> 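The structure under discussion is supplied below as structure tokens; questions concerning it will follow.
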Amino acid sequence: VRGAGASLGGRSSEYGREEVRDGRDLVAWVVAQDWCDGNVGAYGTSYSGTTAELLTAAGHPAVKAVVIGWSDFDSYRSPIWPYGIYAESLAREWSALVAGLDRNDVSGGVSVRRVLVDTDGALLRAAVAEHARNADVHAVARAAEFRDQKTGSDTWAETSAIHWKKEIEASRAAMLVFASWFDSGTAEGALLRSQHFSNPQSLVILASDHGGATQASPFTVSRSVVPAQPSYEEQMELRRLFFDRWLRGADNESARWPRIRYWNLGEEALRSCETWPPPGVERRKLFLAPEGRLAPEPPTAASEVRHAVDFGVTTGKANRWGTQMGRPVLALDQREEMDERMLVFDTEPFEEELQLTGTPVLTLRFAADVTDCAVLAYLEVVDLDGRSRYLTEGGLRLVHRKLDSAPELPDGLAQHSFESADALPLVPGEPVELTFRMLPISARLEPGHTLRLALAGPDAGTLERF
């Protein structure tokens, strides 16, 4: 990447247009080597997973296949401004890591390896000197609070894979995509890509950390690390089979893989389908009702509930946003203490097994005593012993509540532009209606269990307080 590591130059934006154009030059160099047969693949996890996808936008015909692991499909929505709320903890930590890398600061646990021809370190010293002009990632990201604002030379929108959809599709490059229900919004991005990009794709959604090393399902993980399922070695074997097929022409089982494989919580097994949502899924409505009930029928009379937000409510550091920095996802299996500090609504216990698969959407009639605030919603399941397990979450900073009438990747569910022209400040005390989507999930829920919706303010220690 230009302006980072051992590369010379400076960085004007992360995932910027210059970075995409550099990809073509890189592929041209690879193809010119005598060890290259003219077929190029790329793989990566996190930032490098995103650059693997953006390599297909560079326009070089040699790029035939990419493995996109836990990537930033739209880096505004995930992971930096989820729900239009600044992920301050993650952004600051990432910014400090990048700054240390720019300085080649070994005391911070990062360092740059010299390229082979740099026998005396002169090239590395020159690179580090040029990196000094790189922007402070946190400062730039925080200043660009809307998706149409620049984070350097490019807007958030221009640094997303969505911006390059035409070029990516034109490449016809095959994609093996890894994501997780519990890793920022990687599963949502992967599903939107699967629905809207025409490239040959095979998608694997796990219940893992960021990178697929450890398991994150609150049905099997508590406060100790558990190895991922499928294992890391099995995930690597999927990569090998995929590349053998698309780069070497091998006739192997990857030709018969389903388009989508996804981990079903509770069942703790992979399921598969060719389209999303899976066939047979139907949308059902539940209604907020008096006495903290989540009812299948709307209440017969209007009512209201008042709640003072507890700004200490948190999912902890080992959550879906913290795992972006290499942490496991832990302690989502006992939410009772936090539930007592939130506004909660429960269904009646299920009379039979319930399969919950897809993207929940929440609509609230809401008033606040401020001009700007944020709502987070957690979907949980409560077992017969009263133990509450986190399933998924969603939220919205209310200034973004205007629905997007023409989203880039429509899926029939609520979307917001997060653009400055659509911002709507609140009038204190004046009721507004807001509709927002939660992050997708799939879980099998047992008879006798209860579905819980818990409402709160921004996740303390993770998201900036509004």
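When a residue number appears, it is its place in the shown sequence, counting from 1. Keep in mind that what you see is a predicted model, and the values were worked out from it rather than measured.
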> Any salt bridge between Lys165 and Glu167, counting N to O under 4.0 Å?
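Glu167 and Lys165: not salt-bridged.
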> Might you point out which heavy atoms bring Ser442 and Gln355 nearest each other, and give the distance in Å?
OG-NE2, 3.3 Å
> Verify the distance criterion only: is there a donor paired with an acceptor across the side chains of Thr323 and Asp183 at less than 3.5 Å?
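No - no donor-acceptor pair under 3.5 Å links their side chains.
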> Atom CD in Glu19, atom CG in Asp154: separation rounded to 0.5 Å?
9.5 Å
> Under the ring-ring contact (aromatic ring centres under 6.0 Å, His included) criterion, do Tyr43 and Phe178 qualify, and how do the steps go?
CA-CA 11 Å; Tyr43 70 95; Phe178 289 93; over 10 Å; no
> How long is the straight-line distance from CG of Leu445 back to CG of Leu354, given to the nearest 0.5 Å?
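One finds 5.0 Å between CG of Leu354 and CG of Leu445.
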> Could you check whether Asp244 and Asn252, counting side-chain N and O atoms only, form a donor-acceptor pair closer than 3.5 Å?
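Per modelled atom types, Asn252 and Asp244 side chains form no pair under 3.5 Å.
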> Checking side-chain contact (heavy atoms from CB on, under 4.5 Å) for the pair Phe182/Leu265: CA distance, chi angles, key distance, verdict?
CA-CA 11 Å; Phe182 296 100; Leu265 305 176; 3.6 Å; yes
> Is there a salt bridge (Lys or Arg N to Asp or Glu O under 4.0 Å) between Arg142 and Glu464? Walk through the geometry before answering.
CA-CA 10 Å; Arg142 180 59 188 86; Glu464 186 177 79; 2.9 Å; yes
> Cation-pi check, Arg261 to Trp257: give yes when NZ or CZ is under 6.0 Å from the six-membered ring centre and within 45° of the ring axis, no otherwise.
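Checked: cation-pi criterion met.
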> Take Glu88 and Arg465, measure what salt bridge (Lys or Arg N to Asp or Glu O under 4.0 Å) needs, and give me the verdict at the end.
CA-CA 9 Å; Glu88 182 175 13; Arg465 174 176 170 174; over 6 Å; no
> Counting only N and O atoms by type, is there a donor-acceptor contact under 3.5 Å from the side chain of Thr151 to the main-chain atoms of Val140?
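No: the side chain of Thr151 does not pair with the backbone of Val140.
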> Below 4.0 angstrom, N of the basic side chain to O of the carboxylate: do Arg193 and Glu53 qualify?
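Looking at Arg193 and Glu53, the cut-off is met.
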> For Pro278, enumerate each residue passing the side chain to side chain contact (heavy atoms under 4.5 Å, CB included) test, keeping only those at least two apart in sequence or located in another chain.
Tyr262, Cys273, Trp276, Val281, Thr357
> Under a plain distance cut-off of 3.5 Å, with no hydrogens placed, do Trp263 and Gln229 share a side-chain donor-acceptor pair?
no
> With salt bridge (Lys or Arg N to Asp or Glu O under 4.0 Å) as the test, would you mind laying out the steps for Asp74 and Arg147 before giving the verdict?
CA-CA 10 Å; Asp74 181 342; Arg147 193 168 175 267; 3.0 Å; yes
> So, are Glu253 and Arg256 salt-bridged, with charged N and O less than 4.0 Å apart?
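Here Glu253 does not pair with Arg256 in a salt bridge, since their nearest N and O are not under 4.0 Å apart.
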> So Val112 and Leu124, do their side chains get closer than 4.5 Å, heavy atoms only?
yes
> side-chain contact (heavy atoms from CB on, under 4.5 Å) for Arg223 and Gln334? Distances and angles first, verdict last.
CA-CA 10 Å; Arg223 284 158 173 75; Gln334 293 177 301; 2.9 Å; yes
> Give me the atom names and distance for the closest heavy-atom approach of Arg133 to Gly9.
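The pair with the smallest heavy-atom distance is NH2-C, 3.9 Å.
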> In Å and rounded to the nearest 0.5 Å, what is the CD to CG distance from Glu93 to Leu97?
8.0 Å
> Less than 4.0 angstrom from a charged side-chain N to a carboxylate O is my criterion; do Arg11 and Glu14 meet it?
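Counted as a salt bridge, because a side-chain N and a carboxylate O are separated by less than 4.0 Å.
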> Might you point out which heavy atoms bring Ala87 and Pro82 nearest each other, and give the distance in Å?
CB-CD, 3.9 Å
> Between Asn199 and Ile168 (side chain of the first, backbone of the second, donor and acceptor by atom type, cut-off under 3.5 Å), is there such a pair?
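Checked: pair present.
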> Compare every heavy atom of Val63 with every heavy atom of Ala173, then report the nearest pair and how far apart it is.
CB-O, 4.0 Å
> Could you list the donor-acceptor pairs under 3.5 angstrom formed by side chains in residues 28-41, with sequence neighbours left out?
from, atom 1, to, atom 2, distance (Å)
Gln33, NE2, Trp29, O, 2.8
Asp37, OD1, Asn39, N, 2.9
Asn39, OD1, Lys64, NZ, 3.3

> Output yes when a side-chain donor or acceptor of Trp156 lies under 3.5 Å from a complementary backbone atom of Ala144, and no otherwise.
yes
> Testing the basics here: between Leu391 and Ala443, what is the closest heavy-atom pair and its distance to 0.1 Å?
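Heavy atoms of Leu391 and Ala443 come nearest at CD2-CB, 4.1 Å.
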> Would you kindly check if the NZ (Lys) or CZ (Arg) of Arg335 is within the cone defined by 45 degrees around the ring axis of Tyr378 and under 6.0 Å from the six-membered ring centre?
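Yes, Arg335 sits over the ring of Tyr378.
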> What pairs with Arg172 under salt bridge (Lys or Arg N to Asp or Glu O under 4.0 Å), at least two apart in sequence or on another chain?
none
> Do Ser202 and Phe242 make a side-chain contact, defined as non-hydrogen atoms from C-beta onward lying under 4.5 Å apart?
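They are not in side-chain contact.
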> Please report the shortest heavy-atom distance between Phe311 and Pro458, naming the atom on each side.
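Where Phe311 meets Pro458 most closely, the heavy atoms are CE2-CD, 4.2 Å.
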> Measuring from Ser254:OG to Arg240:CZ, what's the distance to the nearest 0.5 Å?
9.5 Å
> Which pairs count as side-chain hydrogen bond (donor to acceptor under 3.5 Å, both in side chains) when at least one residue sits in residues 388-401, sequence neighbours excluded?
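Applying side-chain hydrogen bond (donor to acceptor under 3.5 Å, both in side chains) to every pair that reaches into residues 388-401, excluding sequence neighbours, yields Tyr83-Glu393, Glu145-Arg397, Arg320-Tyr390, Trp321-Glu393, Asp339-Ser388, Asp372-Arg397, Glu380-Ser388, Asp383-Arg389, Tyr390-Glu393.
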> So, using salt bridge (Lys or Arg N to Asp or Glu O under 4.0 Å) as the criterion, who are the partners of Lys317 when residues are at least two apart?
none
> Between Arg437 and Gln415 (side chain of the first, backbone of the second, donor and acceptor by atom type, cut-off under 3.5 Å), is there such a pair?
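Side chain of Arg437 to backbone of Gln415: no pair is present.
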> When you look at Phe146 and Tyr76, which way does the ring-ring contact (aromatic ring centres under 6.0 Å, His included) test go after all the steps?
CA-CA 8 Å; Phe146 296 97; Tyr76 178 89; 8.1 Å; no
> Would you say the side-chain atoms of Asn319 pair up with the backbone N or O of Gly322, donor to acceptor, closer than 3.5 Å?
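Such a contact is found between Asn319 side chain and Gly322 backbone.
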> Using only atom types and a distance under 3.5 Å, with no angle test, would you say the side chain of Asp422 pairs donor to acceptor with the backbone of Lys402?
no
> Quick check on the 6.0 Å ring-centre criterion: do Tyr86 and His138 meet it?
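Judged by ring-centre distance (under 6.0 Å), Tyr86 and His138 do meet the cut-off.
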> Are Asp148 and Ser420 linked by a side-chain donor-acceptor pair shorter than 3.5 Å?
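A donor-acceptor contact under 3.5 Å links the two side chains.
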> So Ser78 and Ser184, side chain to side chain donor-acceptor pair (under 3.5 Å) or not? Walk me through it.
CA-CA 6 Å; Ser78 170; Ser184 61; 3.3 Å; yes
> Tyr15 and His163: ring-ring contact (aromatic ring centres under 6.0 Å, His included), yes or no, with the steps?
CA-CA 11 Å; Tyr15 307 136; His163 176 76; over 10 Å; no
> Please name all residues satisfying side chain to side chain contact (heavy atoms under 4.5 Å, CB included) with His416, sequence neighbours left out, ordered by chain then number.
Leu396, Leu403, Phe418, Phe436
> State whether the side chain of Asn264 and the backbone N or O of Glu267 hold a donor-acceptor pair below 3.5 Å, judged by distance alone.
no
> Applying salt bridge (Lys or Arg N to Asp or Glu O under 4.0 Å), run through Arg77 and Glu188 and close with a yes or a no.
CA-CA 10 Å; Arg77 292 183 173 96; Glu188 180 175 60; over 6 Å; no
> When you compare the side chain of Trp70 with that of Tyr47, does any pair of heavy atoms fall below 4.5 Å?
no
> Flag the pair Leu379 / Leu356 as yes when at least one side-chain heavy-atom distance between them is below 4.5 Å, and no otherwise.
yes
> Any sub-3.5 Å donor-acceptor pair from Thr186's side-chain atoms to Ala179's backbone N or O?
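No, Thr186 side chain to Ala179 backbone: no donor-acceptor pair under 3.5 Å.
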